[in-house]
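Down below is the structure, laid out as structure tokens.
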Amino acid sequence: MRLSQMLFVTLRDDPADAEIPSHKLLLRAGYIRRIGSGIYAYLPLMWRVLQKVSQIVREEMNATGAQECLLPQLQPADLWRESGRWDTYTKAEGIMFALIDRREQELALGPTHEEVITTIARDMIRSYRQLPLHLYQIQTKFRDEIRPRFGLMRGREFIMKDGYSFNADEESLKKTYQDMYQAYSNMLRRSGLAFRAVEADSGAIGGSGSTEFMVLAEAGEDEVLYTEDGQYAANVEKAVSLPADAEPSSFTTYEKRETPGTETIEKLCDFLKCSPTQVVKNVLYEAVYDNGITVLVLVSIRGDQEVNEVKLQNELTKLASQYGAKTILKLAVPDADAQKKWTAKSLPLGYIAPDIADDYIQRQQEENQFHPKFLRLVDKTAVDLKNFVTGANESGYHVVGANWEEQFSLPELTVDIRKARPGDRAIHNPEQTLKSARGIEVGHIFQLGTKYSQAMGATYTNEQGEEKPLIMGCYGVGVSRLAQAAVEQSYDQDGIIWPVAIAPYHAIVTIPNINDAQQVEIAEKLYTELNQAGIETLLDDRNERAGVKFKDADLIGIPYRIVTGRAIANGKVEVVERQSHNSQEIPITEVVSTLKGWISQATGNGK
């Protein structure tokens with residue numbers, strides 16, 4: 001492609017609304033243009049990158065025996081009600097675009113396709129002889145993000161590969177899952193990215209085991225905790241670890257003490273000259289279930305630990321049936337306005353004890369369905385504490401030397417909801433400590449089990465003639481997200497540095513002076529020969545200064561720049577590698593073979 005004929009506009013300054021380097025660079029380099037909040041046009045250079053990524057994804061999926069299809073973006077609300085997720089996606093998370101058509105039918109723009117694919121399986125799969133089956137698509141998805149940001153990282157419209165497997169048993173599912181683990185690892189390696197596969201929370205998708213694939217980058221929204229022995233890695237939402245040992249308590253007798261101005265653990269420990277590991281802090285949450293019932297949750301946890309709200313939500317979701325519900329719409333620490341709706345009297349905030357009385361909760365009223373009792377949970381870190389410090393249910397007072405089953409009843413529900421942190425000891429080997437890295441999630445694989453097939457009646461007949469629910473897996477790759485993550489991982493002060501495998505073009509031939517007939521002639525010849533040899537090449541034949549052309553080539557990140565400058569007098573051209581800025585003069589007759597070798601080596605095709 002000739003730049004003189006291409007839609008090619010670059011910017012010298014960073015756009016005002018771009019926050020992270022990759023977003024700034026893709027806008028500046030003319031890869032994308034913002035059309036609306038979280039909505040972007042993929043311009044010609046970007047579309048080539050997305051095609052490269054899609055092809056790698058497609059090849060790896062096809063190699064596992066998965067079959068490509070294309071599913072509708074418009075989805076009937078009835079399907080989502082069958083699975084029980086309509087309220088979760090439209091109310092709880094609120095990320096689904098919902099609409100009503102002219103027939104007064106409710107529809108949604110698909111953020112994901114579990115319901116559609118399960119409907120197809122229900123209608124078409126009858127026998128175990130049809131299993132296992134794996135269908136995938138590369139499709140535009142829609143999510144109504146509250147705060148779209150970071151360009152393609154968190155847009156409201158994006159390109160994704162999502163696949164769904166149907167298996168007869170858990171063993172077969174695990175094999176498909178392992179095949180996807182390998183396929184996803186291959187996709188990222190082939191795309192030239194540094195990544196880490198980590199244990200993850202399944203979130204609104206549901207299911208049991210799940211793994212995220214994180215592209216490592218400083219601007220990553222996710223924190224990954226890992227051990228250097230390579231035996232453990234997990235998203236911080238899912239990570240587990242061994243907490244530091246609690247220090248022995250210096251309090252030997254139980255007593256109530258005046259502790260003015262000690263609403264925080266730090267202030268309390270300074271006042272009492274004690275360790276936060278000797279404190280039981282009691283954190284109050286408000287959980288709203290999908291049937292409208294609000295449950296007040298009191299979590300008792302060791303003073304030096306923090307509550308992992310994802311783990312807490314998972315525990316509360318398990319209890320949903322006790323309240324006649326299916327899922328949680330909202331979980332938060334109630335602020336003053338929220339408290340007014342249910343408190344019968346003023347709470348001793350900062351001084352709450354594990355046994356705060358249920359009479360702080362108003363009886364249920366018509367407009368507010370508040371469960372009349374606190375749900376009390378205790379984290380494992382607080383269970384074994386002896387002679388601990390905790391609140392006294394009176395502002396300005398704490399108790400010291402307290403013990404479970406003496407002064408306070410141990411809550412019936414013991415849970416593991418603490419937040420793992422860098423520096424914690426690893427469970428698999430306490431000699432290993434957790435390290436932290438930032439990552440951008442570009443892939444996620446789930447073992448769904450029968451969550452959707454049971455809810456929607458998707459069954460098959462096994463060898464014994466019994467009707468059984470299909471066992472499912474689901475596997476997603478953010479194609480457009482991966483493309484931007486590649487930029488976030490690899491750039492410098494001059495612009496983008498694309499991995500060779502997904503760069504829009506392999507090389508750019510730059511003519512420093514288009515009024516020099518010899519420079520133009522050699523550039524044209526190389527441009528033709530390189531493209532004929534399968535080396536995708538741009539020709540910068542614009543009537544611009546050489547400096548402008550060099551800056552643009554660096555900005556758009558093409559891996560190799562070939563300059564028909566002064567070296568042509570010696571039968572050579574200058575070749576500059578974008579990543580290293582290394583420059584060397586190569587005989588014109590050897591340019592094609594040299595670049596072919598470099599590209600093969602960089603993409604792994606030469607092995």
Side-chain angles (χ1 to χ4, degrees), residues 1-10 12 28-31 43-49 51-52 192 490 492-603 605-606:
M1 187 71 197
R2 298 170 183 272
L3 278 189
S4 62
Q5 298 172 3
M6 192 176 187
L7 178 61
F8 183 74
V9 178
T10 58
R12 290 294 161 226
R28 280 187 54 208
Y31 280 83
L43 300 179
L45 285 173
M46 193 69 200
W47 187 240
R48 289 182 66 92
V49 173
Q51 286 179 309
K52 298 275 188 78
S490 187
D492 60 17
Q493 70 275 11
D494 297 316
I496 298 168
I497 304 173
W498 285 112
V500 174
I502 61 173
Y505 291 89
H506 298 128
I508 180 167
V509 177
T510 302
I511 308 170
N513 180 6
I514 64 165
N515 295 315
D516 185 316
Q518 191 178 15
Q519 287 187 17
V520 172
E521 181 186 351
I522 292 169
E524 292 276 3
K525 180 173 180 289
L526 284 172
Y527 170 63
T528 301
E529 290 177 352
L530 286 163
N531 278 305
Q532 286 176 344
I535 299 168
E536 299 165 6
T537 305
L538 280 169
L539 177 63
D540 193 347
D541 58 343
R542 296 174 299 163
N543 186 13
E544 290 281 2
R545 300 190 314 276
V548 170
K549 294 182 176 183
F550 297 154
K551 280 186 177 297
D552 279 345
D554 281 344
L555 178 60
I556 64 176
I558 306 302
Y560 304 105
R561 182 171 85 238
I562 301 155
V563 184
T564 58
R566 287 188 294 268
I568 62 174
N570 301 318
K572 297 181 178 182
V573 289
E574 180 191 21
V575 180
V576 182
E577 184 189 36
R578 174 66 186 89
Q579 184 174 20
S580 64
H581 286 289
N582 287 341
S583 171
Q584 55 184 298
E585 292 184 355
I586 294 175
I588 294 169
T589 55
E590 297 175 15
V591 168
V592 172
S593 60
T594 300
L595 258 65
K596 253 191 167 179
W598 289 351
I599 292 165
S600 291
Q601 187 175 16
T603 57
N605 294 333

Any [X] side-chain heavy atom under 4.5 Å of [Y] side chain:
{"X": "E577", "Y": "R561", "value": "no"}
{"X": "L530", "Y": "V591", "value": "yes"}
{"X": "Q579", "Y": "D492", "value": "no"}
{"X": "D552", "Y": "R542", "value": "yes"}
{"X": "S583", "Y": "E574", "value": "yes"}
{"X": "I496", "Y": "I556", "value": "no"}
{"X": "M1", "Y": "L539", "value": "no"}
{"X": "L555", "Y": "R28", "value": "yes"}

Tell me, please, which residues at least two apart from E536 pass salt bridge (Lys or Arg N to Asp or Glu O under 4.0 Å).
R48, K52
Can you give me the closest heavy-atom contact between [X] and [Y], atom names plus distance?
{"X": "L595", "Y": "A507", "answer": "CD2-CB, 3.8 Å"}
{"X": "A523", "Y": "V509", "answer": "CB-CG1, 3.7 Å"}
{"X": "A29", "Y": "L45", "answer": "O-CD1, 4.2 Å"}
{"X": "V520", "Y": "I514", "answer": "CG2-O, 3.4 Å"}

Would you please test Q519 and R566 for side chain to side chain contact (heavy atoms under 4.5 Å, CB included) and show each step?
CA-CA 9 Å; Q519 287 187 17; R566 287 188 294 268; over 6 Å; no
Go through it in stages, so that I can follow the logic: the residues are D494 and R578, the test is salt bridge (charged side-chain N to carboxylate O under 4.0 Å, His left out), and I'd like the CA-CA distance, side-chain angles, deciding distance and then a yes or no.
CA-CA 10 Å; D494 297 316; R578 174 66 186 89; 5.0 Å; no
Atom pair [atom1] ([X]) and [atom2] ([Y]), whose distance is rounded to the nearest 0.5 Å:
{"X": "I522", "Y": "I562", "atom1": "CD1", "atom2": "CD1", "answer": "12.5 Å"}
{"X": "N531", "Y": "T537", "atom1": "CG", "atom2": "OG1", "answer": "4.5 Å"}
{"X": "T589", "Y": "K572", "atom1": "OG1", "atom2": "NZ", "answer": "10.0 Å"}
{"X": "K551", "Y": "R545", "atom1": "NZ", "atom2": "CZ", "answer": "10.0 Å"}
{"X": "E521", "Y": "D516", "atom1": "CD", "atom2": "CG", "answer": "10.0 Å"}
{"X": "N570", "Y": "I588", "atom1": "CG", "atom2": "CD1", "answer": "9.5 Å"}

Can you run down the ring-ring contact (aromatic ring centres under 6.0 Å, His included) pairs that involve residues 509-546, sequence neighbours left out, and say none if there aren't any?
none
Hey, do the aromatic rings of Y505 and W498 have their centres closer than 6.0 Å?
no
If you apply the rule side chain to side chain contact (heavy atoms under 4.5 Å, CB included), what do you find for E585 with V573, and how did you get there?
CA-CA 5 Å; E585 292 184 355; V573 289; over 6 Å; no
Exceeds 12 heavy-atom contacts within 6.0 angstrom, atom CD of E544
yes
Give a yes or no answer on whether the side chain of K549 reaches the backbone of P512 with a donor-acceptor pair at less than 3.5 Å.
no
Answer yes or no: is there a donor N or O on one side and an acceptor on the other, between the side chain of S600 and the main chain of W598, under 3.5 Å?
no
Indicate whether the side chain of T510 and that of D540 have a donor and an acceptor atom separated by less than 3.5 Å.
no
Decide yes or no on side chain to side chain contact (heavy atoms under 4.5 Å, CB included) for F550 and V563, but give the supporting numbers first.
CA-CA 9 Å; F550 297 154; V563 184; 3.9 Å; yes
Please walk me through it: do E590 and S593 pass side-chain hydrogen bond (donor to acceptor under 3.5 Å, both in side chains)?
CA-CA 6 Å; E590 297 175 15; S593 60; 6.0 Å; no
Chi angles and distances behind the side chain to side chain contact (heavy atoms under 4.5 Å, CB included) call for Q518, T564
CA-CA 9 Å; Q518 191 178 15; T564 58; over 6 Å; no
